[in-house]
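For reference, the structure is listed below as structure tokens.
In what follows, every chain begins at residue 1, and chains take the letters A, B, ... in the order their sequences are listed.
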Amino acid sequence: MPELPEVEVVRAGLEPALTGATVTAVRIYDVRSLRRHDAPSEDFVDRMVGSTFETPRRRGKFLWVPVGSETALVVHLGMSGQVLLRDPDAPLDRLTRISLDITHPRHGALRVDFVDQRIFGSMAIDELVESGDVPGDRVPSQVRHIARDPMDDQFDDARFFARLAKRNTGIKRALLDQTLISGIGNIYADEALWAARIHYDQPTGTLSRPRAKTLLAEVRLVLGKALAEGGTSFDAQYLNVNGESGYFSHSLNAYGQQGEPCPRCGRPIVREQFMNRGSHFCAYCQRVRSTARPSRG
DNA sequence: CCGGACTCCTGGTTGC
DNA sequence: TGCAACCAGGAGTCCG
């Protein structure tokens with residue numbers, strides 16, 4: 001489940017190889033990986049070949065590589081996507097969906113493989129549009145509705161708290177809403193909520209400002225820590241561009257820890273179904289607080 | 001605005 | 001050993 005740290009590891013890994021590189025050939029092995037490309041696969045191939053990449057960028061879980069000032073190659077890893085840098089003659093992974101041959105002025109010929117088991121991820125060519133908040137900042141049109149992520153210099157804490165307070169929903173649902181705050185998925189939502197001692201279904205309107213601040217701080221802490229450890233891998237589902245696993249799975253306190261003692265109080269971590277996914281939490285440390293909802297004006 | 005249901009999807013795991 | 005059922009969930013859409 002690639003979330004912000006995993007996508008950033010991929011972005012950073014691609015940066016030296018892609019920046020300034022030119023695409024020489026494209027092979028589509030599975031057109032379903034072009035679901036978000038709003039034209040036939042031939043269009044994707046025709047437009048990619050000859051394109052020169054600029055520095056890869058990221059917002060939340062979306063990654064894109066600008067090609068000139070008007071368009072970008074947008075990559076979303078979905079549940080199981082990987083972008084691997086390979087020697088041009090390296091054997092192809094069985095689940096490779098798209099392959100780009102590139103040539104870099106200093107590194108020479110390389111192959112960029114988009115590997116994706118479940119095909120929830122995708123590649124697409126998209127137009128760059130004004131992001132809307134910072135003048136001159138351009139993002140792919142597919143990314144425009146995605147909120148800035150909490151590691152973004154331009155993330156507006158005050159605006160986040162204000163929007164959060166107006167929501168009438170549970171806190172985990174809000175954390176997973178990429179239009180409110182991006183980059184957080186199931187793993188880091190559970191980890192941040194555990195760290196902040198907040199129940200996943202705590203109504204957003206009942207979170208005091210200090211507790212909301214604590215939560216955002218814990219979000220940043222867990223994302224930063226995971227990033228420093230190269231992301232979270234449970235198996236071969238997530239790898240960096242060199243095909244290596246991250247180590248953060250050894251640092252998880254709640255996610256996937258059902259039945260294990262809570263590292264804080266020793267009571268068992270439990271798992272419940274919520275939003276069609278698992279929620280892992282300590283039923284003692286993370287209880288719903290029945291604070292009166294502030295009256296709305 | 002909100003939440004639930006549904007869709008996309010397949011390989012690893014579990015169960016018989 | 002073989003096969004079917006089950007499970008993981010990011011993001012978009014649709015509907016009540």
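Considering only residues two or more places apart in sequence or on other chains, A:His107 meets the ring pair (Phe, Tyr, Trp, His ring centres under 6.0 Å) condition with A:His104. Considering only residues two or more places apart in sequence or on other chains, A:Ser208 meets the side-chain hydrogen bond (donor to acceptor under 3.5 Å, both in side chains) condition with none of them. In this structure, the side-chain hydrogen bond (donor to acceptor under 3.5 Å, both in side chains) partners of A:Asp152, at least two apart in sequence or on a different chain, are A:Arg148. Judged as a side-chain hydrogen bond (donor to acceptor under 3.5 Å, both in side chains), and not counting sequence neighbours, the contacts of A:Ser99 are A:Asp113. Residues passing the side-chain hydrogen bond (donor to acceptor under 3.5 Å, both in side chains) test with A:Asp156: none are found, sequence neighbours excluded. Looking at residues two or more places apart in sequence or on another chain, you find a ring pair (Phe, Tyr, Trp, His ring centres under 6.0 Å) between A:Tyr200 and A:Phe274, A:Phe281.
The pair A:Arg163-A:Asp177 does not count as a salt bridge, with every side-chain nitrogen at least 4.0 angstrom from each carboxylate oxygen. For the pair A:Glu6 and A:Lys61, the salt-bridge criterion is not met [side-chain N within less than 4.0 Å of a carboxylate O]. Remark: A:Arg36 does not engage A:Asp126 in a salt bridge, criterion side-chain N to carboxylate O under 4.0 Å.
Taking atom OH of A:Tyr200 as the reference point, atom P of C:dG9 lies 13 Å away to the nearest angstrom. Rounded to a whole Å, the CD atom of A:Glu6 is 11 Å from the P atom of C:dG10. When rounded to the nearest whole Å, the span between CZ of A:Arg97 and C1' of B:dC8 equals 13 Å. In this entry the distance linking CG of A:Asp201 with P of B:dG4 reads 9 Å, nearest Å. Atom C1' of nucleotide C:dA11 and atom CG of A:Leu77 are separated by 13 Å, given to the nearest angstrom. Atom pair A:Arg32:CZ and C:dG10:C1' shows a separation of 17 Å (rounding to whole Å applied). Spacing between atom CZ of A:Arg271 and atom P of C:dG9 amounts to 6 Å, rounded to whole angstrom units. Rounded to a whole Å, the CZ atom of A:Arg118 is 11 Å from the P atom of B:dT10.
Contacts of A:Gly278 with the nucleic acid, taken as non-hydrogen atoms under 4.0 Å apart, involve only primed sugar atoms and P, OP1 or OP2. As judged by a 4.0 angstrom heavy-atom cut-off over every strand, A:Leu95 is placed among residues touching the sugar-phosphate backbone only.
The base of C:dA8 does not come close enough to the side chain of A:Arg277 for any donor and acceptor atom to sit less than 3.5 Å apart.
In terms of position on DNA chain B, the residue among A:Met275 and A:Ile119 whose nearest nucleotide sits closer to the 5' end is A:Met275.
Each of C:dG10, B:dG11, B:dC6 was ranked by its minimum atom distance to the side chain of A:Asn276; first place goes to B:dC6. When each of C:dG10, C:dG9, B:dG11 is scored by its nearest atom to the side-chain atoms of A:Gln117, the top-ranked nucleotide is B:dG11.
The phosphate of C:dG9 has OP1 or OP2 within less than 4.0 Å of a side-chain N or O from A:Tyr255. An OP1 or OP2 oxygen of B:dC2 is reached within less than 4.0 angstrom by no side-chain nitrogen or oxygen of A:Asn168. Between B:dG3 and A:Arg167, no contact under 4.0 Å exists linking OP1 or OP2 to a side-chain N or O. Contact annotation: A:Thr169 side-chain N/O to B:dG3 OP1/OP2 distance is under 4.0 Å. At the phosphate of C:dA11, OP1 or OP2 sits under 4.0 Å from a side-chain N or O atom of A:His76.
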Give every pair of a protein N or O atom and an N or O atom of nucleotides 12-14 of chain C that lie under 3.5 Å apart, one pair per line with the distance.
residue: C:dG12; atom: OP1; partner: A:His145; partner atom: NE2; Å: 3.0
residue: C:dG12; atom: OP2; partner: A:His145; partner atom: NE2; Å: 3.3

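Residue ring and nucleobase are stacked for A:Phe120 and C:dG9, with a centre distance beneath 5.5 angstrom and an angle between planes beneath 30°.
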Pairs under 3.5 angstrom only: tabulate donor-acceptor contacts from the side chains of residues 39-48 of chain A to other protein residues two or more places apart or in another chain.
residue: A:Asp43; atom: OD2; partner: A:His37; partner atom: NE2; Å: 2.8
residue: A:Asp43; atom: OD2; partner: A:Arg47; partner atom: NH1; Å: 3.3

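Bending across the helix from B:dC2-C:dG16 to B:dC16-C:dG2, expressed as the angle between its end axes from five pairs apiece, amounts to 50° (10° rounding).
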